[in-house]
Structure formats: structure tokens, C-alpha cells
Protein chains: 2
Amino acid sequence: MLGMLREPHSGYDIKKTFEKSLRSFWRAELSQIYPLLQKMEDEGLLTSKAGASEKGPTRRVYKRSAKGREQLQSWLLEGPVVGTERIGYLAQTYFLANLKDDDKAIEFMQDLRTYLSDWLASLEDAEDEWRANDPGYPDKLSDESFYPQLTLDMGLAKVRVGVEWCDRSIARIRDRQAKRNNA
Amino acid sequence: MLGMLREPHSGYDIKKTFEKSLRSFWRAELSQIYPLLQKMEDEGLLTSKAGASEKGPTRRVYKRSAKGREQLQSWLLEGPVVGTERIGYLAQTYFLANLKDDDKAIEFMQDLRTYLSDWLASLEDAEDEWRANDPGYPDKLSDESFYPQLTLDMGLAKVRVGVEWCDRSIARIRDRQAKRNNA
DNA sequence: CTGCACTATATAAATATTGACATAGATGGC
DNA sequence: GCCATCTATGTCAATATTTATATAGTGCAG
């Protein structure tokens, strides 16, 4: 949120940025965002201003303070935040033998493949749109666009690997199944 | 935890399994494990038995009940748990321009590369060890080993992609830096 | 003119998770 | 004898997060 609030934005705006651009690696609900904005303002990391909205109730926009900017920078200087990932579908995969039915396991992998390939398609769409609108894509992007593009690059690579892994896994489960039936 | 407790294990054992085998995609602290074991026993998902330990204080081992097994199966049948990933270093990457110093950003990426390549080495070691001890690796594994091996396969693929992405990103940041200095 | 979708903010209750702390036996090295 | 390390269990306080709920204005389609 400190990263997003270089320019003033409302909680609602922040939610939209999470959905649009950070979707692949971070999510947050409005019920988490609003109290946190207040807390961060209390701590002096943000300042806020109320203003009329074109549509709907009064907007309150927040912007980071000098202290907020410093806190963001020290977070970045602390080094990469690693080792906190929690990937539900891999935990499930680990225990898939408990289904006692290879067909159910294949179905699981096919569902996952569908999810990942939809995700890949949406990342590819985002890339196409970006390429169409920004003549500098991807090698002459502005400073503000360059690092976000790195995360898109990683998203594309990772999701492609995920789809390939699903295909490989389905083939391997089928192969075991066939061997079992021959034996 | 329901997946692990097909055979009786203590909270301490469960923690070790998280560290050894699920490290790449799930982590849990003892302070989360112990209360949860008690809660799950209260809910009738687990049964427990106290017994002497070879070293240290009394061990309490838990095993899943029929109800626990059913709950595990319905979790697996609900389909893949997706969309909950939260990857700290990508959130940082997105906002790296705030450092206002390409050298610091390169340092960030190099630190990340070091972390990921250490992780890759440990996964490769795990695979080598497995291959050395199990003549069926990877195509004739037992049911209990096959699905865990799928998660190792994914871990290897994903971390390799991560290392490549770091290398590519470092090169791209350097390239921008060089162009800026020429201009 | 009604209902739906979108903008917009917010709280309450429940749940999940971490980090710090407390306890204690066994074993081996210095 | 002492200290570190590993086994082993647990609590507490603080924090983080989700799900459900409430409110309300605007604009558009039917």
C-alpha cells in the first residue's frame, strides 16, 4: 500500500490495483484495506483528504508521507521477503493418494490446468494490451513501468511452467494407471 | 495435518515433515500446530495417545479418525485451492523503482538469486538422495511416494524458472543503466 | 420506475498466524 | 560440572486476515 500511495488513492482504488496488477502474487480484501489505511494514518505514514466523488459516497484519498516513503524504502532495503509462500494446490497434490482413485486425481489436475491456463491467457492479454499501448515495451519502459513489467515476466514464466507440470503429471498418472491394469 | 496423520505422529514430528517435505509450499509453526491438534481432536477428526519418549518429555501422538479421513477426502474433492498465494519478493519487485538506485535493485535481485539457487540445490540434493535410495525413482514409485514426488518435480521446475528470471532481470536492469549513462 | 451494477466506506465477529516465552528430559563435548 | 543441542509440549499476547453485514449515491437498461 505504501508503494501504491506515491499518488493519492482511495481504499477502493487500492483494491482495484491489487486486482489488476498484483493479482498474481498478492491479494487483499477491502475489509483489510480500510482499517489498515486508518492505522497507517495514525502512525503518520499516510495523510488523507476527503473529497466529492463523481459516483457514490464521499471519497477519502490517502497519500504516503515522507515517513511512509522512508518506511517503504527500508522494507525494500531489508532484502527479499522469502519463504512465506503457501500454495494450497501443492499441499493437496502431496496427499492426493488419499483419494484412492486415479481418475479423481486426474480430474483434480485437469481442473488445475484449466485454472492455470485461464490465468496464463489473462496475463498474455495484459501483455498484448501493454505492448499495443506502450511503444517502449518491454525494453524502453519508464522507471515506474519497468519493475512492474518484471513481475509480469515472472508471472508468465511461472504459470507456463505450471501448465506444463499439469500436463506432465496427468500423463504420468495415466501411465501408472495403464501399467497397473496390465499387471 | 490430516494428510500426515494416516499414521500416528506427534506435533513435533508434524513440524519436521513440514520442514523436510512441504517446505516449498507450506509452513507452520509449533505454536500453530499444537493448539490445532487439540482442536481437531475436540472435533473428532483425530485421536491421541500419550507415550514415553526416548529423549525428552512425554510424547503425544495423534492419528486421524474415520471422520478425519473423510474430511481430508472431501477437501481433495472440492478441487484445487488456488488464488491464495502471496509472494513477498514479487510485491517488493513491483515497487523497486522507489529505491531510486539501480545498484540497490541489482543487489536485491542478486540476494534473491542466491536464496533461490540455494533452495534449488537443496531440492536437487533431495532428489539425488531419493534416486539413490529408491530404485523405482521416479517412474515406479509407490502410491505414497508418487504424489509427493510430483510436488518435488514442480518445486524444481518453479525454482529453476525463478533463478533464470533473476538472471534475466539483472541483465535488463544493467542494460537500462548502461543506456542511461550513454545518454 | 425498478432493479442491477458499480462506486465507495466501514464495522463486527470469527479465525488464523506469528513471535515470545516457559518448561523439561537426554546426550555429548569441552 | 557446564553448556549447547535436540527432543518435546504448550501458553499468551499481538497481529493479520476473512467472511458477513450495513450503508448509500449514481447511472443505465429494461
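Lettering of chains follows the sequences in order, A, B, ..., and the numbering in each one begins at 1.
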Nearest whole angstrom, please: distance from the [atom2] of [N] to the [atom1] of [X].
{"X": "B/Arg86", "N": "D/dT15", "atom1": "CZ", "atom2": "C1'", "answer": "13 Å"}
{"X": "B/Ile33", "N": "D/dT9", "atom1": "CD1", "atom2": "P", "answer": "10 Å"}
{"X": "A/Phe18", "N": "D/dT17", "atom1": "CZ", "atom2": "C1'", "answer": "12 Å"}
{"X": "A/Tyr34", "N": "C/dT11", "atom1": "OH", "atom2": "P", "answer": "11 Å"}
{"X": "B/Met1", "N": "C/dT17", "atom1": "CE", "atom2": "P", "answer": "11 Å"}
{"X": "B/Glu41", "N": "D/dT9", "atom1": "CD", "atom2": "P", "answer": "13 Å"}
{"X": "A/Trp26", "N": "D/dA16", "atom1": "CH2", "atom2": "C1'", "answer": "11 Å"}
{"X": "A/Met40", "N": "D/dT15", "atom1": "CE", "atom2": "P", "answer": "15 Å"}

Donor-acceptor pairs under 3.5 angstrom involving side-chain atoms of residues 112-124 of chain A: please list them, not counting sequence neighbours.
residue	atom	partner	partner atom	Å
A/Arg113	NE	A/Asp167	OD1	2.5
A/Arg113	NE	A/Asp167	OD2	3.4
A/Arg113	NH2	A/Asp167	OD2	3.3
A/Thr114	OG1	A/Gln110	O	3.0
A/Ser117	OG	A/Arg113	O	3.2
A/Ser117	OG	A/Thr114	O	3.4
A/Trp119	NE1	A/Ser24	OG	3.2
A/Ser122	OG	A/Trp119	O	3.0
A/Glu124	OE2	A/Arg160	NH2	3.1

Nearest-nucleotide pick for B/Lys39, side chain only, options being D/dA8, C/dA16, C/dT7: C/dA16
Among D/dA8, C/dT9, D/dG10, the one nearest B/Tyr62 by side-chain distance: D/dG10
Tabulated below should be each protein N or O lying under 3.5 Å from an N or O of nucleotides 19-27 of chain D; please produce it.
residue	atom	partner	partner atom	Å
D/dT19	O4	A/Ser31	OG	2.7

Taking the six-membered ring of B/Phe18 (Phe, Tyr or Trp), confirm whether the NZ or CZ of B/Arg23 is under 6.0 Å from its centre and within 45° of its axis.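 No, B/Arg23 does not lie over the aromatic ring of B/Phe18.
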Quick check: do [X] and [Y] have side-chain heavy atoms less than 4.5 Å from each other?
{"X": "B/Arg64", "Y": "B/Leu45", "value": "no"}
{"X": "B/Leu5", "Y": "B/Leu37", "value": "yes"}
{"X": "A/Trp26", "Y": "B/Ile87", "value": "no"}

Is the number of heavy atoms from other residues, nucleotides or ligands under 6.0 Å of A/Lys104 NZ greater than 12? no
Specify the residue among B/Arg60 and A/Ala28 whose closest nucleotide of DNA chain D lies further upstream toward the 5′ end.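 Its nearest nucleotide lies further toward 5', so the answer is B/Arg60.
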So A/Leu30, base contact, sugar-phosphate only, or nothing? Heavy-atom distance under 4.0 Å.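 Answer is base: heavy atoms of A/Leu30 come under 4.0 Å of a base.
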Would you sort out whether A/Asp134 and A/Lys140 count as a salt bridge (charged side-chain N to carboxylate O under 4.0 Å, His left out), showing the intermediate values? CA-CA 9 Å; A/Asp134 190 334; A/Lys140 286 168 185 165; over 6 Å; no
Phosphate oxygens OP1/OP2 of C/dA8: is one of them under 4.0 Å from a side-chain N or O of A/Arg59?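 Looking at the OP1 and OP2 atoms of C/dA8, one of them is under 4.0 Å from a side-chain N or O of A/Arg59.
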